[in-house]
Amino acid sequence: MSTEEKSAAPRSLAEALRVRDDVSLAALLRSRPDLVTPVPTDLTQLATRAGTRASVVRALERLDRFALQTAQALAVAADPAPYEELLGLMAGDEGDPAVTAALPRAVALLREQALVWGADDRLRLVRTARELLAPSPQHPSPTGLGPTVREATAGMSPGRIQEILAAVGLASTHDSVSAVSALGELFADRTRTAALLAALPGESREVLDRLVWGPPYGQVTHDPAPHLRALLDRGLLLPTAPGTVVLPREVALHLRAGRAHRTPEPVPPPVEAAATHRPQVVDATAAGQALAALATVEELLKEWDEGGPAVLRAGGLSVRDLKRTAVALDVPEPVAAFWVELAYAAGLVASDGEADERYAATPAYDEWRELPPAERWARLAESWLTATRTSGLVGGRDAKDRTLSALGPNLDRSAAPEVRHRVLALLAGLPEGAAPDAESVLARLRWERPLRGPQREQGEQREDDLRSRLARWTLTEAELLGVTGRGALAAPGRALIGAPEPAHPAAQPEPVGPGDKLPVHHHRAPLAPAPVTPAERGAATAAAARLLAPLFPEPLDHVLLQADLTAVAPGPLERELADVLGVLADVESKGGATVYRFTPGSVRRALDAGRTAADLHAFLSRHSRTPVPQPLTYLIDDVARRHGRLRVGAASAYVRCDDDATLDEILADKRATGLGLRRLAPTVLAAQTDPAALLDGLRAMGFAPAAESAAGDVLIARADARRTPPRAAPEPVPDGPPVPDDTLLTAAIRAIRAGDLASTAPRKPGHADGADGGPAVGGELPRTSAAETLATVQAAVLTGEALWIGYVNAEGAASQRVIAPIRVEGGFVTAYDHTADEVRTYPLHRITGVAELADDAP
């Protein structure tokens with residue numbers, strides 16, 4: 001490198017950032033959004049923030065495996081390190097071609113994220129990253145390497161170092177520094193180290209082989225065995241503490257053939273397909289699941305229409321209520337927790353906020369029900385994709401060993417939306433109709449975001465890591481919701497994540513069995529980033545609804561009545577028909593066809609809702625494709641004849657009936673003991689319980705009482721009467737600062753450039769200089785008197801020169817600016833502000849001082 005090139009090389013991260021263009025700075029701020037919150041005042045502050053521990057840790061955790069391995073290799077390389085040294089550490093002495101091809105991309109990524117700076121001949125890992133990744137006894141390196149010879153011999157006596165030199169055949173030196181350097185050079189020389197190791201006994205080589213890939217530390221007694229003594233005498237093992245020895249880094253690298261990692265992973269593992277299906281089958285299956293999802297959510301909310309389960313004191317559903325919900329929906333408890341959480345995330349269910357707090361449907365549920373089916377599904381799918389609440393955690397334990405309950409606190413996981421989108425994007429990258437092998441998806445996610453800690457690098461992946469569990473739950477939940485069909489991503493699901501439509505091949509591949517593996521196609525549709533703005537999310541949701549709508553069957557306006565008091569709905573029903581039939585009958589089984597059963601209780605429920613027997617007969621005749629069975633007609637007439645003969649009202653409560661024999665029957669029944677009934681008149685009974693409990697008690701005894709108002713009118717009970725006050729859907733918990741949009745990035749870069757120009761512009765020596773006559777300290781505002789400020793500004797108006805000023809705004813915020821004064825009048829200076837790239841007017845009394853810029857200032 002020439003002298004000019006050396007002088008032009010950046011001496012700090014701030015200088016390296018200063019030579020970047022706006023596109024490169026935008027890429028940095030987009031990949032590390034924490035750096036722009038708040039916007040740095042200049043590039044020096046940006047570099048300082050990029051080197052803080054919290055920001056570096058976050059950036060390292062978001063690297064893919066190979067980029068992280070590259071950073072780890074730089075942490076054990078020289079500082080600075082030439083690219084050739086880094087390549088040797090990654091590719092080894094043999095030169096792995098895959099590593100050689102992938103390394104430039106990894107270095108470019110580390111440079112883009114400001115974790116590495118400098119030219120290829122002087123690569124530097126930022127200091128904080130080196131401290132985090134470099135080997136130490138407290139924090140072993142993921143590479144398994146130990147300290148260098150210089151680090152390991154730091155506390156060793158000079159005499160002992162000279163003894164090691166003599167044992168390896170090196171001449172003694174006059175000082176320890178040169179002795180350590182000579183020993184390090186020996187171990188770094190492949191030929192000489194190989195000869196030294198060849199002279200060792202086999203047992204000594206076995207010890208080195210056990211330490212070579214880490215951990216590099218071992219234990220020895222005060223009187224080591226001969227094969228250990230041979231290693232200690234030659235410095236191949238160096239003592240670090242009493243009874244502890246370490247394998248020097250230079251020796252380990254020789255034994256590893258120069259590689260810092262046992263298994264570099266330059267290429268992401270492919271996502272393999274376990275089975276393939278025709279796209280039409282996938283879409284049809286997904287549409288069926290989507291219909292079932294809508295029916296399940298409606299059934300759940302119907303169960304809670306008259307007031308759902310009570311809210312626990314700590315928030316959420318009790319275990320007993322979750323079990324009841326699972327039984328009502330005929331699904332396992334984890335699946336019931338998923339539907340409950342999905343309805344909550346979509347804003348369809350919430351707490352009513354009353355003293356006796358319960359869950360109930362929200363007013364948004366009624367609006368949602370009026371939407372077309374495809375739009376209702378799209379609303380649910382969007383809520384699931386963006387929610388941070390994670391139903392898979394229900395039943396687990398939190399940090400305080402408390403059970404995590406459905407709808408309760410501590411279920412938010414900020415990584416959930418990103419993992420869900422990434423899993424679906426990986427599915428979108430497979431051939432159309434291909435269902436992925438779940439383990440290959442997990443392997444790919446681990447490569448893209450490896451876990452922190454030594455277990456990850458040693459191949460000991462923890463099965464309980466959060467991202468893997470989120471990915472497994474995503475595959476299951478996507479199938480339940482109809483985003484996938486038979487494990488493959490359906491067309492609506494593809495649109496939901498903003499992925500492009502796949503290119504349809506000329507010939508459809510033959511179906512394979514679930515155990516067969518498909519070859520991974522290298523030519524795939526590019527994966528789109530997750531929609532980030534509300535407009536993008538809305539467009540993706542609308543596209544998904546448009547693709548799903550044709551896949552839904554047309555709703556039916558009829559059912560098939562059976563002689564066994566059942567009705568069969570061979571498909572989805574029209575909204576009005578489904579609502580009335582849901583009140584008139586109980587759902588007995590669900591599936592491709594829904595079976596409803598008519599019972600005395602269900603008929604009474606319809607009569608309570610304001611229907612008459614004539615209404616019910618007319619309804620069934622109008623909507624049945626088969627004749628109305630006689631048993632069903634008799635059932636409706638029999639229940640209607642007895643309905644309302646008893647009247648229950650509020651006294652505390654009373655029962656009245658024109659037939660005093662019926663009241664005699666109630667009083668004689670032992671089951672009425674708990675109701676506290678007594679006769680007030682031949683046709684009136686008073687009770688010591690409230691009307692609702694009295695109604696339930698009499699119905700349990702086989703009667704069909706009706707509630708009445710204070711005016712004596714029959715009260716009509718509607719199934720959808722209970723609603724919470726308006727409630728907003730829960731806001732997702734963000735995973736750090738949001739990614740800035742293009743508008744914010746443009747403004748932030750402009751402000752950073754402006755502040756940097758003001759803080760770095762060279763200035764002529766003068767009154768604004770430091771007390772010693774030198775330039776003012778960077779970051780400090782110039783200080784001049786009011787008269788000097790006015791005179792300098794007036795002179796700049798005549799000469800057209802630019803000035804450096806200090807300025808304090810009305811809020812007291814101080815800043816430095818570079819301006820070109822245009823005119824001065826009325827106590828104000830109008831100038832072109834180079835830092836803001838616009839003409840502005842400044843009050844002279846708010847300018848702390850001025851200084852002329854040097855002649856070579858930009």
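All values derive from a computational prediction rather than experimental measurement.
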For Trp339 versus Leu480, what's the shortest heavy-atom pair and its separation?
CH2-O, 3.7 Å

Heavy atoms, side chains only, cut-off 4.5 Å: are Trp304 and Val340 in contact?
yes

Working for side-chain contact (heavy atoms from CB on, under 4.5 Å), residues Leu426 and Leu445
CA-CA 9 Å; Leu426 291 175; Leu445 290 177; 4.1 Å; yes

CG of Leu481 to OG of Ser383: how many Å apart, nearest 0.5 Å?
9.5 Å

As an exercise, state the distance from CG of Leu620 to CG of Leu584, rounded to the nearest 0.5 Å.
5.5 Å

Answer yes or no: does atom CZ of Arg625 have more than 12 heavy-atom neighbours from other residues, nucleotides or ligands under 6.0 Å?
no

Of all heavy-atom pairs between Ala435 and Leu430, which one has the smallest distance, and what is that distance?
C-CD1, 4.4 Å

Are Asp64 and Pro268 packed together at the side-chain level, in the sense that at least one heavy-atom pair is separated by less than 4.5 angstrom?
no

Checking side-chain contact (heavy atoms from CB on, under 4.5 Å) for the pair Arg32/Arg62: CA distance, chi angles, key distance, verdict?
CA-CA 9 Å; Arg32 297 177 64 177; Arg62 300 180 76 84; over 6 Å; no

Taking Asp437 for the side chain and Glu272 for the main chain, is one N or O donor matched with an acceptor at less than 3.5 Å?
no

Interatomic spacing from CG in Leu29 to CG in Asp34 - rounded to 0.5 Å:
9.5 Å

Treating Arg358 as the side-chain partner and Asp352 as the backbone partner, does any N or O pair qualify as donor plus acceptor under 3.5 Å?
no

Evaluate the side-chain proximity of Phe338 to Val394: yes if any heavy-atom separation is below 4.5 Å, no if none is.
no

Taking His421 for the side chain and Ile497 for the main chain, is one N or O donor matched with an acceptor at less than 3.5 Å?
yes

Intermediate values then yes/no, salt bridge (Lys or Arg N to Asp or Glu O under 4.0 Å), Glu439 and Arg472
CA-CA 9 Å; Glu439 290 304 320; Arg472 292 185 185 277; 2.8 Å; yes

Got Leu581 and Phe598 here, is their nearest side-chain heavy-atom distance under 4.5 Å?
yes

OG1 (Thr474) and CZ (Arg420) are apart, to the nearest 0.5 Å, by 5.5 Å

What pairs with Glu588 under salt bridge (charged side-chain N to carboxylate O under 4.0 Å, His left out), at least two apart in sequence or on another chain?
Arg597

Tell me whether Arg449 is salt-bridged to Asp465, with the criterion being a basic N under 4.0 Å from an acidic carboxylate O.
no

Straight-line distance of Leu291 CG to Arg376 CZ, nearest 0.5 Å:
9.0 Å

Evaluate Arg397 against Thr403 for side-chain hydrogen bond (donor to acceptor under 3.5 Å, both in side chains), listing each step before the verdict.
CA-CA 5 Å; Arg397 296 279 178 176; Thr403 301; 3.3 Å; yes

Evaluate the criterion side-chain contact (heavy atoms from CB on, under 4.5 Å) for residue pair Trp473 and Leu393; output intermediate values, then yes/no.
CA-CA 10 Å; Trp473 294 333; Leu393 297 171; 3.8 Å; yes

Side chains of Thr612 and Asp615: does their closest heavy-atom pair fall under 4.5 Å?
yes

Side chains of Tyr596 and Leu573 in contact at under 4.5 Å (non-hydrogen atoms)
yes

Which residue pairs satisfy the side chain to side chain donor-acceptor pair (under 3.5 Å) criterion with at least one member in residues 565-584, sequence neighbours excluded?
Glu298-Arg575, Arg369-Asp579, Asp564-Thr566

Can you name the nearest heavy-atom pair linking Ala374 to Phe552, along with the distance?
N-CE1, 3.6 Å

What residues form a salt bridge (charged side-chain N to carboxylate O under 4.0 Å, His left out) with Arg30, not counting sequence neighbours?
Asp742

Listed once per pair and sorted, the side chain to side chain donor-acceptor pair (under 3.5 Å) pairs that draw on residues 319-336, sequence neighbours left out:
Ser318-Asp321

Are Arg486 and Gln289 packed together at the side-chain level, in the sense that at least one heavy-atom pair is separated by less than 4.5 angstrom?
no

What are the two closest heavy atoms between Gly347 and Ala364, and how far apart are they?
O-CB, 3.7 Å

Closest heavy-atom pair, Leu294 versus Pro373, reported as atoms and distance to 0.1 Å, is CD1-O, 3.5 Å

Yes or no on side-chain contact (heavy atoms from CB on, under 4.5 Å) for Val419 and Leu466, after CA distance, side-chain angles and deciding distance?
CA-CA 10 Å; Val419 173; Leu466 179 62; over 6 Å; no

Could you walk me through whether Arg379 and Glu375 pass the salt bridge (Lys or Arg N to Asp or Glu O under 4.0 Å) test, one step at a time?
CA-CA 6 Å; Arg379 185 81 62 84; Glu375 293 184 22; 6.0 Å; no

How far apart are the closest heavy atoms of Pro33 and Pro738, and which atoms are they?
CB-O, 3.4 Å

Without placing hydrogens or testing angles, list every side-chain donor-acceptor pair under 3.5 Å for residues 404-416, not counting sequence neighbours.
unit_1: Ser405; atom_1: OG; unit_2: Gly315; atom_2: O; d: 3.4
unit_1: Asp412; atom_1: OD1; unit_2: Thr388; atom_2: OG1; d: 2.6
unit_1: Arg413; atom_1: NH1; unit_2: Asn410; atom_2: O; d: 3.1

Thr599 OG1 to Leu635 CG distance, which is reported to the nearest 0.5 Å:
7.5 Å

With sequence neighbours excluded, residues passing salt bridge (charged side-chain N to carboxylate O under 4.0 Å, His left out) with Arg727
none

What residue among Arg604, Arg605, Arg611 forms salt bridge (Lys or Arg N to Asp or Glu O under 4.0 Å) with Asp608?
Arg604

Do Leu489 and Leu424 make a side-chain contact, defined as non-hydrogen atoms from C-beta onward lying under 4.5 Å apart?
yes

Taking atom CZ of Arg622 as the centre, report whether more than 12 heavy atoms of other residues, nucleotides or ligands fall under 6.0 Å from it.
yes

